[in-house]
Amino acid sequence: MNVCDSGFFDRPPPQVAKDLIGVALLFNGVGGIIVETEAYHPEDEASHSFRGQTKRNSSMFGPSGFSYIYLSYGVHWCLNIVCLRGSAVLIRALEPLSGLETMKSRRGVEAPRLLCSGPGRLCQALGLNKNHDGLPLTNEPFELRPREKRVPILAGKRIGISKNMDVAWRFGLKDSEFLSRKF
């Protein structure tokens, strides 16, 4: 299924997370190819929606294909794309391709590998924060472009969680140097 198809995000989060690998994601023209994602479902104890809707996670209960952006550990913004009600896909890493100089300036680093390899780095490089929570990813200032070809995808355990750690809902582009962590 193509990211531009109606209903792409109205599916279980592991399917969406896997199908986002290789898709181009841009914000105000800055971004790249999604190389790593993680899926979260409301019945998953690691999900922000597990205990129900709150002010912080309210975007997870909104329309599919919209952003859910939250502050992690009071330091880093993290971008998720809402799927089914209470479900989302965390965008963990991009291969930076568009707006490299802007990303380097925002991140204060030169190495392309360090621009978007991790959800906090990715949001900083793209200039995303709480003001962008609840926006549709199918409309400007976001842009999603379908992957140009089939890509080899890996699956493994999610990172940085303390519940349901063995669930293999982390997906990544095989052999990408831009992953936040190797599989």
Side-chain angles (χ1 to χ4, degrees), residues 3 8-21 23 25-28 30-32 34-94 96 103 106-108 114-144 156-165 167-172 178-181:
V3 72
F8 177 88
F9 294 104
D10 293 326
R11 301 180 296 142
Q15 291 176 359
V16 174
K18 186 176 181 182
D19 289 346
L20 282 170
I21 302 299
V23 168
L25 167 67
L26 295 106
F27 180 74
N28 287 323
V30 176
I34 299 171
V35 297
E36 186 180 358
T37 60
E38 283 182 353
Y40 292 90
H41 187 274
E43 296 172 11
D44 170 16
E45 287 184 89
S47 177
H48 289 180
S49 63
F50 180 70
R51 288 190 166 65
Q53 188 171 347
T54 65
K55 184 176 179 182
R56 178 188 189 213
N57 71 11
S58 63
S59 292
M60 284 185 83
F61 294 86
S64 61
F66 280 60
S67 63
Y68 164 49
I69 299 177
Y70 67 90
L71 192 60
S72 178
Y73 302 110
V75 179
H76 304 290
W77 295 106
C78 296
L79 170 65
N80 296 258
I81 302 176
V82 177
C83 304
L84 299 174
R85 183 170 171 77
S87 300
V89 173
L90 173 65
I91 308 301
R92 288 199 55 84
L94 295 179
M103 287 190 246
R106 288 175 177 158
R107 291 270 307 119
L114 298 176
L115 294 176
C116 300
S117 59
R121 290 175 176 175
L122 183 153
C123 282
Q124 185 180 19
L126 272 57
L128 291 169
N129 58 50
K130 187 65 173 173
N131 295 327
H132 309 110
D133 181 45
L135 297 178
L137 272 88
T138 54
N139 295 337
E140 293 181 358
F142 287 100
E143 181 181 356
L144 292 172
K157 297 176 183 178
R158 295 174 295 183
I159 299 172
I161 57 174
S162 59
K163 309 265 185 182
N164 287 348
M165 296 177 292
V167 176
W169 283 359
R170 176 177 167 236
F171 301 92
F178 299 97
L179 298 172
S180 66
R181 191 180 303 168

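Index from 1, following the sequence. Since the model is a prediction, treat every value here as computed from it, not as a measurement.
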J.: Answer yes or no: is there a side-chain heavy-atom contact under 4.5 Å between Leu79 and Ser67?
T.: yes
J.: Measure the shortest side-chain to side-chain distance between Asp19 and Phe9 over non-hydrogen atoms and say whether it is less than 4.5 angstrom.
T.: no
J.: Under a 4.5 Å cut-off applied to non-hydrogen side-chain atoms, are Leu71 and Lys130 in contact?
T.: no
J.: Measure the spacing between OG of Ser87 and CG of Asp10 and express it to the nearest 0.5 Å.
T.: 10.5 Å
J.: Do Ser64 and Leu84 have side chains that get closer than 4.5 Å, going by heavy atoms?
T.: no
J.: Is it the case that atom CD in Glu140 sees more than 12 heavy atoms from other parts of the structure closer than 6.0 Å?
T.: no
J.: Between Arg121 (side chain) and Arg107 (backbone), is there a donor-acceptor pair under 3.5 Å?
T.: no
J.: Would you indicate whether the side-chain heavy atoms of Asp133 and Tyr68 approach each other to under 4.5 Å?
T.: yes
J.: Evaluate side-chain hydrogen bond (donor to acceptor under 3.5 Å, both in side chains) for Gln124 paired with Arg106, printing each intermediate quantity in order.
T.: CA-CA 6 Å; Gln124 185 180 19; Arg106 288 175 177 158; over 6 Å; no
J.: Distance check, rounded to the nearest 0.5 Å: Leu144 atom CG versus Thr138 atom OG1?
T.: 7.5 Å
J.: Using the salt bridge (charged side-chain N to carboxylate O under 4.0 Å, His left out) criterion, which residues pair with Glu143? Sequence neighbours excluded.
T.: Arg145
J.: Can you measure from CD1 (Ile34) to CD1 (Ile91) and round to the nearest 0.5 angstrom?
T.: 4.0 Å
J.: If you compare all heavy atoms of Phe66 against all heavy atoms of Gly134, which two are closest, and at what distance to 0.1 Å?
T.: CD2-O, 3.1 Å
J.: Using a 4.5 Å cut-off on heavy atoms from C-beta on, say whether the side chain of Val16 contacts that of Phe8.
T.: yes
J.: Roughly how far, to the nearest 0.5 Å, is CG of Leu137 from CG of Leu26?
T.: 11.0 Å
J.: Identify the two heavy atoms, one from Pro96 and one from Cys116, that lie closest to each other, and give their separation to 0.1 Å.
T.: CB-SG, 4.2 Å
J.: Identify the two heavy atoms, one from Phe27 and one from Gly127, that lie closest to each other, and give their separation to 0.1 Å.
T.: CE2-O, 4.0 Å
J.: Minimum heavy-atom separation for Pro119 to Leu90, with atom names?
T.: CB-CD1, 4.0 Å
J.: To the nearest 0.5 Å, how far apart are CG in Leu114 and CE in Met103?
T.: 13.0 Å
J.: Indicate the atoms forming the closest heavy-atom contact of Ala93 with Phe178, along with that distance.
T.: CB-O, 3.4 Å
J.: Considering all heavy atoms of both residues, which atom of Lys18 and which atom of Thr37 are nearest to each other, and what is their separation?
T.: N-OG1, 4.4 Å
J.: Drop me the distance from Ser117's OG to Leu122's CG, to the nearest 0.5 angstrom.
T.: 9.0 Å
J.: Would a 4.5 Å heavy-atom cut-off, applied to side chains only, mark Leu135 and Ile69 as touching?
T.: no
J.: Please examine the side chains of Phe142 and Leu128, heavy atoms only from C-beta on, and report whether any two atoms are closer than 4.5 Å.
T.: yes
J.: Can you confirm whether His132 is buried at NE2, in the sense that more than 12 heavy atoms of other residues, nucleotides or ligands lie under 6.0 Å from that atom?
T.: yes
J.: What pairs with Ser180 under side chain to side chain donor-acceptor pair (under 3.5 Å), at least two apart in sequence or on another chain?
T.: Glu36, Arg92
